[in-house]
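Worksheet for the structure shown next.
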Protein chains: 2
Amino acid sequence: MTVAADYDPRAFPPFAVTVDIAVFTIEDGLLKVALIERGEEPHKGSLALPGGFVRPDENLREAAVRELSEETGLESPDHLEQFGAYGDPDRDPRMRIVTVGYWAIVPDLPEPVGGTDAAAARKVPVADVLNDRDALQFDHHQILSDALEHAKDALEDTTVATDFCEGEFAISDLRRVYEAVWGVELDQGNFQNKVLEIDGFVEPTGNRRTGGRGRPPELFRAGSADRIDPPFRRPR
Amino acid sequence: MTVAADYDPRAFPPFAVTVDIAVFTIEDGLLKVALIERGEEPHKGSLALPGGFVRPDENLREAAVRELSEETGLESPDHLEQFGAYGDPDRDPRMRIVTVGYWAIVPDLPEPVGGTDAAAARKVPVADVLNDRDALQFDHHQILSDALEHAKDALEDTTVATDFCEGEFAISDLRRVYEAVWGVELDQGNFQNKVLEIDGFVEPTGNRRTGGRGRPPELFRAGSADRIDPPFRRPR
DNA sequence: CGAATAGTGTCTCTTAGACACTATGTC
DNA sequence: GACATAGTGTCTAAGAGACACTATTCG
């Protein structure tokens, strides 16, 4: 990256830089994403990913954390990862905006609250949103779709799936995370064997869950490992 | 991404948006990257990834293609892929610049030529650059390192390795691509078997290469497949 | 008891990789 | 001939997945 006299950056029309965050959570066995209901034009009433302008004194990740907090009331997600930048000249009709996409996990999303610059916030099944090409404004459909792909990949070779689970959880809870994110059914027995064979994925607490139907499951918490090797490939 | 009255983008100090490109090629069995020698302050004389400001009327990829052409004389790389954005407030001492990283492949890089805003351009072994934390200006060390990681990953589950090879090539040429990018030695026989078993990775031309030492290899060209499934995992 | 869920074990097929062996060129 | 590189085959170990079977709870 170099600067020459004939391309003084100050001579350019200003770009704005934003971050947009796809916050995923599992609810009722469904993968959901937190969306903001726009209260203003353009696209009044349509849905958007939470996000907003990066401030002069913060880096991109800090902007993502702050916007998340402001727009959804959510403090420090359990996972926050950048996956790409979007900068087509006409992606926002108002001005030239380049946005940086992040995806995040929260274990059990507290009901999001509208913040200063959001009219409302809600959790919507990702499948529903992606099935309607016009549900989201701008290029947020593409951004959400890319975010989901990155989340799917992350589940293959990292242990982030445990971040969807609050505190102590059963192996079957973890399986439902994989099933919800990947959109497939997994064999219960094979999943159990596999997870327990992976060093540091989960560690036993000695506790069991009571009250449900069927045999009470043993409970685990997230282990110390952060990578799964060899990866846990999803069915293709 | 939303806009509220109290965060009018026009009230912000302008951000500049740039692209930086890590162009990889194989030369003498080594993975090399094209670097620009800066002719101006700051960091005069130090090396940088080619790149530059995104113009108001072009998207990010177009900016990458244009800058690549301007700074290295290179037209349309065989592979060009975005991998991340970098935006720490102090990453460039002159002003707030957010840069978007791309990595690219060229089969046998023609000697790069300095363009309008570059004093010179050269190909340098990636290992040498990454072993010297101060070889590159700004955060280009991190960017190059991330680019390499993405290139390594891409070789695992896509057929982009063939883009490093010009026209017709031997299986051993392809093997040397993998060895150079991954920085490992691969078993010759196993590699051959594996590549030929993957549908659409390479297709035979019926030609052989003559003149070298040893048995003349059959020559292939890139096949129609673009993904390798199951992936060709690199040794860990 | 039966239904539901958890947990374990077995079998088969595929793949990765070590490695031996053969093939065909140059010197 | 020796040497170098290309190409093929064989064996073994590990992993994925189908699936059977056992365990433990509730109604």
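Everything numeric here is computed off the predicted structure, so don't read it as measured data. All chains are named by letter (A, B, ...) in the order of the sequence lines, taking the proteins before the strands, and each is independently numbered beginning at 1.
Closest to the side chain of B:Asn193, out of D:dT8, D:dA6, C:dG7, is D:dT8. Closest to the side chain of B:Pro216, from the set C:dG7, C:dG25, D:dT8, is C:dG25. Here the nucleotide nearest the side chain of B:Glu218, chosen from C:dC19, D:dG7, D:dT8, is D:dG7. Out of C:dT8, D:dT8, D:dA18, the shortest distance to the side chain of A:Asn190 is found at D:dA18. Checked against C:dT5, D:dA6, D:dA4, the side chain of A:Arg213 finds its nearest nucleotide in C:dT5.
Atoms CG (A:Asp173) and P (C:dG7) sit 10 Å apart, rounded to a whole Å.
Ring pair B:Phe201/B:Tyr178 is perpendicular by interplanar angle, where above 60° counts as perpendicular and below 30° as parallel.
Distances shorter than 4.0 Å separate none of the side-chain N or O atoms of B:Arg215 from OP1 or OP2 on D:dG7. Side-chain nitrogen and oxygen atoms of A:Lys194 include none within less than 4.0 Å of the OP1 or OP2 phosphate oxygen of D:dG15. An OP1 or OP2 oxygen of D:dA6 is reached within less than 4.0 angstrom by no side-chain nitrogen or oxygen of B:Arg209. The shortest distance between the side-chain N/O atoms of A:Gln192 and the OP1/OP2 oxygens of C:dG7 is below 4.0 Å. Contact annotation: A:Ser172 side-chain N/O to C:dA6 OP1/OP2 distance is under 4.0 Å.
No side-chain N or O of B:Glu218 forms a donor-acceptor pair with one of B:Asn207 less than 3.5 Å apart. Judged by distance alone, the side chains of B:Glu81 and B:His79 do bring a donor and an acceptor atom under 3.5 Å apart.
Nearest-nucleotide mapping onto DNA chain D: of B:Arg176 and B:Asp187, the residue sitting toward the 5' end is B:Arg176. Comparing A:Leu196 and B:Gly212 against DNA chain C, the residue whose closest nucleotide sits nearer the 5' end is A:Leu196. Each of B:Gly214 and B:Pro231 lies near DNA chain C, and the nucleotide nearest B:Pro231 is the one positioned closer to the 5' end.
Remark: of the listed residues B:Thr99, B:Asp146, B:Asp139, B:Asp20, B:Asp146 is the sole one forming a side-chain hydrogen bond (donor to acceptor under 3.5 Å, both in side chains) with B:Tyr86.
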